[in-house]
There are 2 protein chains.
Amino acid sequence: MRQDMIKLKEELELRGLKFTRQRKVIAQKIFSMRKHFTAEELYSMLRKKHHVSRATIYRTLDVLASMGFVEVHDFGQGRRYYESISGKTSHCHFICTGCMKIIEFPSDEIKDIINRMARKHNFTVNRYSINVYGLCEECAKKMKKQPGDA
Amino acid sequence: MRQDMIKLKEELELRGLKFTRQRKVIAQKIFSMRKHFTAEELYSMLRKKHHVSRATIYRTLDVLASMGFVEVHDFGQGRRYYESISGKTSHCHFICTGCMKIIEFPSDEIKDIINRMARKHNFTVNRYSINVYGLCEECAKKMKKQPGDA
DNA sequence: ATTTGTGCAAAACGTTTGCAAGGCG
DNA sequence: CGCCTTGCAAACGTTTTGCACAAAT
């Protein structure tokens with residue numbers, strides 16, 4: 001945790017960027033979260049206590065993403081989800097369309113396949129996002145009793 | 001092509017929905033396209049000649065997606081991409097962040113892995129989306145000469 | 001005749017931006 | 001001190017919506 005903050009400070013300095021109060025607060029929060037979150041969620045968590053503006057949230061998430069501290073995912077809700085990748089290996093997501101719960105699963109096998117395909121197409125891979133949509137165990141049970149969802 | 005239209009008519013009737021002029025025009029266009037497209041692109045292709053409104057485009061795409069005639073992808077540009085899946089097997093996408101070109105590649109191996117993981121987690125798979133972001137061959141070359149893009 | 005679909009314009013949504021003021025190095 | 005960053009509010013682009021009218025079965 002502290003380690004992440006040190007790395008962040010170094011990365012910022014390396015690029016001539018500043019280690020401001022807002023960036024500290026935002027990074028602190030992100031590094032302490034385990035779930036996926038949206039910019040708006042982060043904003044509502046920080047605005048009152050820590051006086052961080054919406055624009056700063058968005059701008060800081062961009063910075064953190066470009067430096068590789070967070071990963072960005074598009075689960076097709078018209079909004080972006082972020083996650084801290086500190087100490088995580090890349091993984092795939094099961095997204096339950098019933099309750100929006102996100103289950104992660106490892107992806108080393110898939111990663112190898114992607115890299116093989118990329119080489120074949122001379123494509124330079126930057127990042128990838130594997131999203132599987134469906135129903136988690138609980139929601140699948142509910143659907144049986146009272147259907148009517150997408 | 002004709003075959004798709006017949007299937008669409010049947011599916012609509014099955015659900016008590018109507019086979020309107022607008023839906024015919026939109027479906028015709030979609031079934032004849034091979035590339036991925038956005039709602040706005042489709043709108044500008046059809047509005048003048050065929051007098052289809054923007055709202056109808058969006059609503060019809062929803063209907064076609066819910067019936068499985070088109071697949072929806074969110075590549076994270078704040079807009080959705082659609083593709084007709086007539087006669088296609090599911091596949092993955094390489095998305096070039098330089099020129100937004102989309103390269104498809106087959107995914108049978110990946111599909112098997114996903115199904116295996118889903119079984120393990122008791123997750124009911126509905127659809128999945130594998131998106132690899134990076135640079136296509138041409139854009140990678142350009143970047144070497146004149147960098148400055150994300 | 002009934003029910004679903006359409007067009008329009010306005011609203012909603014998440015995100016980005018311009019600019020003046022503030023703060024870090 | 002200079003440059004980077006912030007906050008605000010307005011702008012943005014895409015998508016959704018309410019409602020009155022139109023059209024399909």
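Side chains are part of it too, since the values below use all heavy atoms of this structure and drop only hydrogens, waters and symmetry mates. All values reported here derive from a predicted model rather than from experimental measurement. Proteins get letters first, then strands, A, B, ... in listed order; numbering begins at 1 in each.
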Which nucleotide, [options], lies nearest any side-chain atom of [X]?
X: B:Leu17; options: D:dG7, C:dT4, C:dG25; value: C:dT4
X: A:Thr56; options: D:dT15, D:dT6, D:dG2; value: D:dT6
X: B:Lys18; options: D:dG7, C:dG7, C:dT4; value: C:dT4
X: A:Glu40; options: D:dT15, C:dT15, C:dT17; value: C:dT15
X: B:Ala55; options: C:dT4, D:dG7, C:dC8; value: C:dC8

| said: Test your reading of the model: is there a side-chain donor-acceptor pair from A:Arg21 to the backbone of A:His50, 3.5 Å cut-off? | reply: yes
Using a cut-off of less than 4.0 Å, is there contact between a side-chain N or O of [X] and OP1 or OP2 of [N]?
X: A:Arg80; N: C:dT16; answer: yes
X: A:Tyr58; N: C:dT16; answer: no
X: B:Ser53; N: C:dC8; answer: no

| query | Are A:Lys111 and A:Asp108 ion-paired here, with the side-chain N under 4.0 Å from a carboxylate O? | reply | yes
| message | Assess whether a salt bridge exists between A:Glu40 and A:Arg54, defined as any Lys/Arg side-chain N lying under 4.0 Å from an Asp/Glu carboxylate O. | response | yes
| request: By nearest nucleotide on DNA chain D, pick out whichever of A:Thr60 and B:Thr20 is the more 5' one. | output: A:Thr60
| message | If you assign each of B:Gly78 and A:Gln22 to its closest nucleotide in DNA chain D, which residue comes earlier from the 5' end? | response | A:Gln22
For [X] and [N], give me the distance from atom [atom1] to atom [atom2], rounded to whole Å.
X: B:Tyr43; N: D:dT15; atom1: OH; atom2: P; result: 14 Å
X: B:Arg47; N: C:dC8; atom1: CZ; atom2: P; result: 11 Å
X: B:Asp62; N: D:dT16; atom1: CG; atom2: P; result: 6 Å
X: A:Leu61; N: C:dG14; atom1: CG; atom2: C1'; result: 13 Å
X: B:Asp74; N: C:dG14; atom1: CG; atom2: C1'; result: 12 Å
X: A:Gln77; N: D:dT16; atom1: CD; atom2: P; result: 11 Å
X: A:Arg23; N: D:dG7; atom1: CZ; atom2: C1'; result: 14 Å
X: A:Arg79; N: C:dC13; atom1: CZ; atom2: P; result: 10 Å

Under 4.0 Å between any heavy atoms, over every strand shown, what does [X] touch: base, sugar-phosphate, or nothing? Just pick one.
X: B:Arg59; value: base
X: A:Glu13; value: nothing
X: A:Arg54; value: base

Mutual orientation of the aromatic rings belonging to [X] and [Y] [parallel < 30°, tilted 30-60°, perpendicular > 60°]:
X: B:His93; Y: B:His73; answer: perpendicular
X: B:His91; Y: B:His36; answer: perpendicular
X: B:Tyr81; Y: B:Phe75; answer: tilted

